[in-house]
Amino acid sequence: MKGAAGEPLPSPFKGLAKLEAEFRRGELSVVAAAGGTGKSVVAINLAIQSNVPTLYFSADSTAATQLSRATAILTGHDAKRIKSQLHADKFEEYEEVLAKRWWQRFNYSARPTPAELELHLKAYEAVFGIYPHLVVIDNITNVDAGGSGTAEEFTFGLEGLCDYLNEMARETHAHVMAMHHVIGDYSDGLKPIPQSGLKGKISRVPSMILTIHKEIDGMDGRTLHISPVKNREGFEDSSGETFASFDFNTSNIRLADVETEIEF
């Protein structure tokens, strides 16, 4: 039945599809990388390029940043120029193209609680008559799920939060994608990140875990390598050494597949 849990979202990432890494409705995925590597870039490209009903909880990026990025991906224009026009109150030329994406909504609470997540999901369903097909939590550690004074409490809290988000995915038939951080050994973002590199060891619950590392060519060119380190529905390599590669256009924020042969 179309729309039932398990249906993959349309994905712009052909390289990941070759690795059988799909974003399925009714499931939870975690995308982990060092700060500044491109977690949010991957999430917003999936949302905008797939063009599905989306609820994006952006605790880690401001409204101006996300609006500029989304507009850049849609139009191909330079994101910095778009942000400048936004701040100068000269945004009229982009209003029409953005109005066509009325089903893609953002929330910018810096520390949303589970109750707040639920409230906005219910509000989305009340307004549009459906739940979003994609829910992005950016980042999972920004969700205020209670105290975590010790490392053990932190890990337990993250596992419980993953259980909660997994239940959210099952009940709403949305794909829930949670952004997450990695441990210090991988904080430079320049080498493949294994499954064991996730902060807090939260690998039990998600159906799929992707890690991201970057390659910089010295001429401001950047490539993002995305590794499926856990994948219940297809290929996985927990070492992170098998990945799909994407050119990152730092001007218009678009990700595009690098045409390479993937060896298993």
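Each residue takes its place number in the sequence, starting with 1.
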Can you tell me which residue pairs pass the ring pair (Phe, Tyr, Trp, His ring centres under 6.0 Å) test with a partner in [range], sequence neighbours excluded?
{"range": "residues 26-53", "result": "none"}
{"range": "residues 13-35", "result": "Phe13-Phe246, Phe23-His175"}
{"range": "residues 28-61", "result": "Tyr56-Phe106"}

Test: Glu159 and Arg204 ion pair at under 4.0 Å: yes
Arg81 bridged to Glu93 by N-O distance under 4.0 Å: yes
Kindly compute the distance separating [atom1] ([X]) from [atom2] ([Y]), expressed to the nearest 0.5 Å.
{"X": "Glu22", "Y": "Glu27", "atom1": "CD", "atom2": "CD", "value": "9.5 Å"}
{"X": "Asp247", "Y": "Thr223", "atom1": "CG", "atom2": "OG1", "value": "5.0 Å"}
{"X": "Leu19", "Y": "Thr242", "atom1": "CG", "atom2": "OG1", "value": "7.5 Å"}
{"X": "Asp78", "Y": "Thr71", "atom1": "CG", "atom2": "OG1", "value": "12.0 Å"}
{"X": "Lys90", "Y": "Ile82", "atom1": "NZ", "atom2": "CD1", "value": "15.5 Å"}
{"X": "Thr172", "Y": "Glu167", "atom1": "OG1", "atom2": "CD", "value": "10.5 Å"}

same_hphob_cluster(Leu119, Val136) at 4.5 Å side-chain heavy-atom cutoff: no
Please tell me whether [X] and [Y] have a donor and an acceptor in their side chains that are separated by less than 3.5 angstrom.
{"X": "Asp237", "Y": "Ser239", "result": "yes"}
{"X": "Lys83", "Y": "Thr65", "result": "yes"}
{"X": "Ser40", "Y": "Asp138", "result": "yes"}
{"X": "Thr113", "Y": "Asp144", "result": "no"}

Heavy-atom donor-acceptor pair, [X] side chain to [Y] backbone, under 3.5 Å:
{"X": "Gln104", "Y": "Thr54", "answer": "no"}
{"X": "Lys230", "Y": "Ser203", "answer": "yes"}
{"X": "Glu236", "Y": "Asn231", "answer": "yes"}
{"X": "Arg101", "Y": "Ile48", "answer": "yes"}
{"X": "Asn166", "Y": "Cys162", "answer": "no"}
{"X": "Asn249", "Y": "Leu255", "answer": "no"}
{"X": "Thr37", "Y": "Ala34", "answer": "yes"}
{"X": "Ser227", "Y": "Val229", "answer": "no"}
{"X": "Asn139", "Y": "Thr141", "answer": "no"}

Neighbour count above 12 (heavy atom, 6.0 Å) for Glu96 CD: no
Residues, nucleotides or ligands: over 12 heavy atoms within 6.0 Å of Arg170 CZ: no
Criterion side chain to side chain contact (heavy atoms under 4.5 Å, CB included) on Phe128 and Arg105, from CA distance to verdict: CA-CA 11 Å; Phe128 300 120; Arg105 298 285 165 158; 3.7 Å; yes
What heavy-atom pair brings [X] and [Y] nearest, and what distance separates the two atoms?
{"X": "Asn142", "Y": "Ala59", "value": "CB-CB, 3.5 Å"}
{"X": "Glu116", "Y": "Ser109", "value": "OE2-CB, 3.2 Å"}
{"X": "Arg24", "Y": "Gly6", "value": "NH1-O, 3.0 Å"}
{"X": "Ala79", "Y": "Ser68", "value": "O-CB, 3.8 Å"}
{"X": "Phe243", "Y": "Pro192", "value": "CE2-CG, 4.4 Å"}
{"X": "Leu117", "Y": "Tyr164", "value": "CD1-CE2, 4.2 Å"}

Partners meeting ring-ring contact (aromatic ring centres under 6.0 Å, His included) with Phe91 (sequence neighbours left out):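 With neighbours one apart ignored, the set is Tyr94.
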CA sep, side-chain torsions, deciding dist, call: Arg25, Glu7, salt bridge (charged side-chain N to carboxylate O under 4.0 Å, His left out): CA-CA 5 Å; Arg25 294 179 62 184; Glu7 177 191 358; 3.6 Å; yes
Ring center gap for Tyr124 and Trp103 short of 6.0 angstrom: no
Hydrophobic cluster of Ile183, others only, ordered by chain and residue number, side-chain cut-off 4.5 Å: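 When side chains under 4.5 Å apart are linked, the cluster holding Ile183 also contains Val182, Tyr186, Ile193.
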Derivation of the side chain to side chain contact (heavy atoms under 4.5 Å, CB included) call for Met168 and Leu165: CA-CA 5 Å; Met168 175 192 292; Leu165 294 176; 4.0 Å; yes
Working for side chain to side chain contact (heavy atoms under 4.5 Å, CB included), residues His180 and Leu158: CA-CA 10 Å; His180 192 39; Leu158 284 177; 3.8 Å; yes
Listed partners of Arg232 passing salt bridge (charged side-chain N to carboxylate O under 4.0 Å, His left out), at least two apart: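 Not a single residue meets the salt bridge (charged side-chain N to carboxylate O under 4.0 Å, His left out) criterion with Arg232.
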Derivation and outcome, side chain to side chain contact (heavy atoms under 4.5 Å, CB included), residues Asn45 and Ile73: CA-CA 7 Å; Asn45 267 272; Ile73 294 168; 3.7 Å; yes
